[in-house]
Amino acid sequence: MMEFPQQPQQQRPAGDGKIIYPLGVKEITDKISNDEVVKRLKLVVKTYMDMDQDSEEEKQQYLALALHLASEFFLRNPNKDVRLLVACCLADIFRIYAPEAPYTSHDKLKEIFLFITRQLKGLEDTKSPQFNRYFYLLENLAWVKSYNICFELEDCNEIFIQLFKTLFSVINNSHNQKVQMHMLDLMSSIIMEGDGVTQELLDTILINLIPAHKNLNKQAYDLAKTLLKRTVQTIETCIASFFNQVLVMGKSSVSDLSEHVFDLIQELFAIDPLLLVSVMPQLEFKLKSNDGEERLAVVKLLAKLFGAKDSELATQNRPLWQCFLGRFNDIHVPVRLECVKFASHSLMNHPDLAKDLTDFLKVRSHDPEEAIRHDVIVTIINAGKKDLNLVNDQLLGFVRERMLDKRWRVRKEAMMGLAQLYKKYCLHHEAGKESALKISWIKDKLLHIYYQNSIDDKLLVEKIFAQNMVPHSLETEEKMKCLYYLYACLDTNAVKALNEMWKCQNMLRGLVRELLDLHKLPTSEANTSAMFGKLMTIAKNLPDPGKAQDFMKKFNQVLGEDEKLRLQLEQLISPTCSCKQAEQCVREITRKLTFPKQPTNPFLEMVKFLLERIAPVHIDSEAISALVKLLNKSVEGTADDDDEGVTPDTAIRAGLELLKVLSFTHPTAFHSAETYESLLQCLKMEDDKVAEAAIQIFRNTGQKIETELPQIRSTLIPILHQKAKRGTPHQAKQAVHCIHAIFHNKEVQLAQIFEPLSRSLNADVPEQLITPLVSLGHISMLAPDQFASPMKSIVANFIVKDLLMNDRSVGNKNGRLWTADDEVSPEVLAKVHAIKLLVRWLLGMKNNQSKSANSTLRLLSAMLVSEGDLTEQKKISKSDMSRLRLAAGSAIMKLAQEPCYHEIITPEQFQLCGLVINDECYQVRQIFAQKLHVALVKLLLPLEYMAVFALCAKDPVKERRAHARQCLLKNISVRREYIKQNPMAHEYVVPYMIHLLAHDPDLTKPQDLEQLRDVKECLWFMLEVLMTKNENNSHSFLRKMVENIKQTKDVQAPDDPKANEKLYIVCDVALFVIANKSTSCHLDSPKDPVLPSNFFTPPDKDFINDKEYLSPEAKLVLQTGKIQQPPKQTGVLGAVNKPLTVAVRRPYIKTTTSDTGSNASTNSQPNSPATNKSRDVSSEASETGARENEENPVITKAGSVKKEEAAQPSGKKRAAPASDGTENSVSSNPSAGSQPPANKPRRGRPPKNAAGVATPDKEAGATTGGGVGRGRKRAAPAQDPDSTASADPIGVKTPKQQKEAEPKRATPQRQIDLQRSVRVAQRDQQASQKTYESEGETEREVESSPEYVLWLTQLQEQQEEEEALDRWLRGAAGPKQRESTHAAEQGEPSVKRRCVKTRTVRQ
């Protein structure tokens, strides 16, 4: 580095200041021309270039010349060549005289360096002749570091700023690397060897990083970038100081770049993160700013920093990363949106951060802002498209959830995103089988969306299926292979959705076909009206039905005017239209409706929606042939089934099911000998399902077989005969229907099946009866006149007399109320199919001339009254009785669908049928409710059967009640749509519901508060759905209807005051509910209701019923739902005894409105109390679904059951009741000392009878209690010497109210139910504080009494027995048995059917 000399005066040359010029150079003065000056200066430049620092003599000799060259004449010369040469000389002078400069004046030095800096601008033009001299000047300055001499100047910063500005301004893309390197050397030496970088100098560097300048001069940006990298250690503190003043102190005036701080931070971080080591904590401070816009700016910046590809900021600065993640929950919407957008880059560039982001994206996927939820999906999908491994299962789960978002835009993005992932990884296998397996669920979930009500969702699923799941653009073989294996891999619900999709498309094609047929008819008013109806129905299947109606009217008008367009549309929906023809037709129709001058054409878009739905882009004859070939390969074992992830058996079964579905929608495509030959091979396979599907395909598609394919006919007939006689029941059914559908001589064919089957009926071999009964039943339904006489004989002599009225075998007494299908006894299966045969026979006749229907209905009613045991011989097991009850109830409901039989069903039979929905067996309730819903929604059943759903309010299982409510909503919606001209038609279900509830066997005491509360719950279950909308003042119509019922009498018992009182009480409860839930019900009714005459008598003008049947207390209970309990009367010790604190397994659940018991049978008297659990409507949390085959909830009620007591000697330990380890245990052999059962009442919950008295049975070692519930009494399990005894496998509970109602006993003083053991104590503290009946007894006397000591001993022994039993159950019992025991311990609701009411007996 050059230094100033010590002398203060400028150095003087020797020889009296005479200037010595190099040899050959004349004196340079202002008196010569510029050209001469240039000529002489070139020689001077050459002289200085050749000199080095060791030439002391020459240095002294030319000192005067050096001083002369710094004179004003040279420094201010107007000629640029002169200035350049002088600058080169000065640069060499600084090199030669280093480290001591010949110029000692600070002002002169400043002037010289500013002069040299100005000359560096000549570097800009690389094509200039003088560029080499400019380069030499730069090189010399950089090599010598001449500018470092300026550090001693007070205003050196001005020189440096000018130098930096000059260099950044002249650099361009024509400069080579050497020029850039010399510039860097020159500038970096100034930065690194100086005392610091001023803000102004820093600005000259940083300004080149601002995007605007960066785009103007990319070379200047690169120069600044390289300079900062080289000087990072030195300049970092200056940068930190700058950002500290701007970000923390808010001093924006310190620099003109203050407004670009975030852009600068981003650029500096990209250059070298070390430049911002001290700046990052300042950003954490800014993230917590109160200014939302400021937080947004910082978030945008940090998103770029964290998301940069090679950024390690998140791992190096965890506090800042955590602070940034916190902004995902920012109150400012744009901030949250920016965070979500950042996540996409982060997932793609930094997979290791996915774990941190997942939780925050989960929250944002539920953000109230639609745009944020939308961007969460975009973020995850974009990352997944790049690499599926970048998104974990949780993130994909968020997208799956958003397919059900309330906003269409979000749902659409989620569905389309997942569809694209499926196509990329599952269809094209771009990432291998592992990735395809990871997202294999997508296909199912996408198809599940077809269950949604929105037409937009359905249309999008259809579009996704045609473009992403089975792309219609593929060749036929590839397309069908894709469909074949897709169908085999779908879950059950997805298969149903896909079938429904094809069904809807086929239905729409049918509507369009009917519309075109109407165009062929002459114009008339009826024709126009019919067209309008078709157009309205078509519009409902398109998006935005309101606009769709207008567009469809316009389209219909165009169809009427354009015959060619009609022909194209007819070809499109023709059964013989191929996929290629369909695509061509769609293009032609679209072209004709396109208007070039119209940029957007919503009419055309709507027509495209219609064409997409009706165009057969997947299935034609060629496609069916390809599917059949794939099926043949699977049968032969030459297909790629295993490679596609399915077994050959699964592929064959799914392939036949697929063909079966397509045979409904595209029957014409199947008509080929090759297809039918393959189906005949399937008929010969051992798989029953495959053969059944093949028969059904023949049934749907074989109408032309007899005339066009005689060879197929001759082969098919014997196979159908064989299946009808000896196949499975389903095969027999399809075989009979197939013969009836495709053969002309069906009478002969059916007779050849009927006669041998009718002769072979043998009730002693029930295993061989099932298929004949099915075949005979369907034959009698399809050809009732042909087989009328023999069928009547079969029904009378065999079906009823020999089969239904006889019990030949004894059922399995396993105590369960339901068993799997394969565990049902053959005899019961035969009886079930016999009942179905009766129904089919009657449905075929469709008349009651022979009164056969009356007899059948009486038979079915008797079966319901007898709980399924028609003979009452007690041979049938409980599970088989459940099957028969379900069959009988379903049969009555099936007959009610035929008008001629509906008229003869009595109200009593209707009530018996309806009460099946409250059966004790969970599966019976479930299946019956589903059958009821399906028949109602298809408008096959009369309106009164909808009233049966009101009884579902008493179902203890929350899911069952929710399902019933959904069924109600669906049915009312369908009926509203169907009967537009009478919007209140569905309100007429209320009279039937009131009549049904008035005859509810549970309603034994009309003024009982608990029973009234149950009635209110049932009424509100239906009224809540009906009163959702007050259309046409329907609330007042409901009120008027109920008031009219009060002015009538019950047709079943018009002269019975008690029966009519029940009816009026139910009416008052209904009026109370309507008035409390509606403010407009008191308005005038729009019309006068008409009540059903078969349930209510005509109103009598002389009869005015204005009586109030509800007491004030009852109204209070109905309004609050709570029953005020009277204060408990306690003895002296009741107030001082401390509660027992014995360890137990579960808490006591207090019984409120009704109690629920186990599924234990009550054929004879129970020897242990039934389990009581609360079914409070407000306490939904404690209710769970039932377990199949083991834990079957049974509806019970304890509120109105009279309390019983069973005496037991003091001090004697009671023997444990027998148990087989299951909750649903029953015994057909009651104890010898037990009380005989009371007379069997009718099925359907009879009124409650007086309670029996329990007596001890010393021989059996068990105590049995009497009690009549809603049906027949149940037997306690007999003690089996080979079985393991159980103290209390169910955990019996006794409600507190029941204890208080018991009469006092003389001895023992403590009334403790030992069977409940220690569980009573901790379930309820009050239950453990027993009231001792002898007054004056003190607490100490009680605790020291023998009874008390014995009681404690018994409690301990009982607990040990229960724990041992519990261990045995969990270790030795089967999984279902353990599950049932666990359910009992957890307090799962176990509810008896409505015809059986249990009673808790205190021992």
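We count residues from 1, following the sequence as given.
Nearest heavy-atom pair across A834 and L804 is CB-CD2, 4.1 Å. Scanning both residues, G889 and C913, for their nearest heavy atoms gives O-SG, 3.5 Å. Across all their heavy atoms, F949 and C967 have their closest contact at CZ-CB, 3.8 Å. Contact record, L761 with P772: CD2-CB, 4.0 Å, taken as the closest heavy-atom pair. Taking all atoms of both residues into account, the shortest heavy-atom contact from G844 to P784 is O-CG, 3.2 Å. Among all heavy-atom pairs drawn from I905 and I892, the shortest one is CD1-O, 4.0 Å.
Taking 4.5 Å as the limit, every side-chain heavy atom of T871 sits out of range of all side-chain heavy atoms of N806. Looking at N499 and E657, their side chains never come closer than 4.5 Å, going by heavy atoms from C-beta outward. Side chains of I652 and L631 form a contact here, defined as non-hydrogen atoms less than 4.5 Å apart. Using a 4.5 Å cut-off on side-chain heavy atoms (C-beta onward), S825 and N812 make no contact. Between V832 and V824, the closest side-chain pair of non-hydrogen atoms is not below 4.5 Å. Between Q768 and N762, every side-chain heavy-atom pair lies at or beyond the 4.5 Å cut-off. Using a 4.5 Å cut-off on side-chain heavy atoms (C-beta onward), Q909 and L860 make no contact. Considering only heavy atoms from C-beta on, S879 stays 4.5 Å or farther from L817 through its side chain.
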- Task: Mind running side chain to side chain contact (heavy atoms under 4.5 Å, CB included) on V661 and V495 for me, showing each step along the way?
- Result: CA-CA 10 Å; V661 173; V495 168; over 6 Å; no
- Task: Using the side chain to side chain contact (heavy atoms under 4.5 Å, CB included) rule, take K443 and C489 through it: C-alpha gap first, then chi angles, then the decisive distance, then the call.
- Result: CA-CA 9 Å; K443 59 184 182 301; C489 296; 3.6 Å; yes
- Message: Go through it in stages, so that I can follow the logic: the residues are Q930 and H963, the test is side-chain hydrogen bond (donor to acceptor under 3.5 Å, both in side chains), and I'd like the CA-CA distance, side-chain angles, deciding distance and then a yes or no.
- Response: CA-CA 9 Å; Q930 187 62 30; H963 179 262; 3.3 Å; yes
- Message: salt bridge (charged side-chain N to carboxylate O under 4.0 Å, His left out) for K689 and D649? Distances and angles first, verdict last.
- Response: CA-CA 11 Å; K689 292 286 185 181; D649 290 342; over 6 Å; no
- Item | L773 and I799: CA distance, side-chain angles, deciding distance, side chain to side chain contact (heavy atoms under 4.5 Å, CB included) verdict | CA-CA 9 Å; L773 290 176; I799 299 298; 3.5 Å; yes
- Message: Apply side-chain hydrogen bond (donor to acceptor under 3.5 Å, both in side chains) to residues R858 and S861 and explain how you reach the verdict.
- Response: CA-CA 5 Å; R858 287 195 296 271; S861 301; over 6 Å; no
- Item | Verdict with supporting geometry, Y451 and E500, side chain to side chain contact (heavy atoms under 4.5 Å, CB included) | CA-CA 9 Å; Y451 288 100; E500 182 67 18; over 6 Å; no
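A donor-acceptor contact shorter than 3.5 Å links the side chain of S775 to the backbone of A724. No donor-acceptor pair closer than 3.5 Å links the side chain of Y901 to the backbone N or O of K894. No donor-acceptor pair closer than 3.5 Å links the side chain of S890 to the backbone N or O of A887. Side chain of R653 to backbone of V690: no donor-acceptor contact under 3.5 angstrom is found. Not a single donor-acceptor pair under 3.5 Å links the side chain of N700 to the backbone N or O of S663. Side-chain N or O atoms of S780 include one that pairs as donor or acceptor with a backbone N or O of G777 at under 3.5 Å. Judged by distance alone, the side chain of E867 and the main-chain N or O of M881 form no donor-acceptor pair under 3.5 Å. In terms of modelled atom types and a separation under 3.5 Å, the side chain of R885 and the main chain of G868 share no donor-acceptor contact.
In this structure F787 satisfies the ring-ring contact (aromatic ring centres under 6.0 Å, His included) test together with F754, sequence neighbours excluded. For R883, the salt bridge (Lys or Arg N to Asp or Glu O under 4.0 Å) partners two or more places apart in sequence, or in a different chain, are D821. For F698, the ring-ring contact (aromatic ring centres under 6.0 Å, His included) partners are Y676, not counting sequence neighbours. In this structure F798 satisfies the ring-ring contact (aromatic ring centres under 6.0 Å, His included) test with no other residue, sequence neighbours excluded. Every residue two or more places apart in sequence or in another chain that forms a side-chain contact (heavy atoms from CB on, under 4.5 Å) with N797 is listed here: S793.
Classification of D869 and K874 as a salt-bridged pair fails, no side-chain N sitting under 4.0 Å from a carboxylate O. Between D802 and R808, at least one side-chain N (NZ, or NE/NH1/NH2) sits under 4.0 Å from a carboxylate O, which counts as a salt bridge. Under 4.0 Å is where a charged nitrogen must lie from a carboxylate oxygen, and between D880 and K875 no such pair does.
Rounding to the nearest 0.5 Å gives a distance of 6.5 Å between CE of M781 and CZ of R840. With rounding to the nearest 0.5 angstrom, the CG atom of L486 is 10.5 Å from the CD atom of E644. Considering NZ of K836 and CG of L838, their distance stands at 12.5 Å, rounded to 0.5 Å. Distance CD1/I753 to CD1/I779: 5.0 Å, rounded to 0.5 Å. Distance check, rounded to the nearest 0.5 Å: CD1 of I697 to CG of L662 gives 8.5 Å. Distance check: I876 CD1 to E872 CD gives 10.5 Å after rounding to the nearest 0.5 Å.
In K725, the NZ atom is crowded: over 12 heavy atoms of neighbouring residues, nucleotides or ligands sit closer than 6.0 Å.
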Report, one line per pair, each donor and acceptor closer than 3.5 Å where one atom sits in a side chain of residues 733-741; sequence neighbours left out.
| from | atom 1 | to | atom 2 | distance (Å) |
| --- | --- | --- | --- | --- |
| Q734 | OE1 | R699 | NH1 | 3.0 |
| H737 | NE2 | H778 | ND1 | 3.0 |

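Ring geometry for Y487 versus W502: interplanar angle under 30°, hence parallel rather than tilted (30 to 60°).
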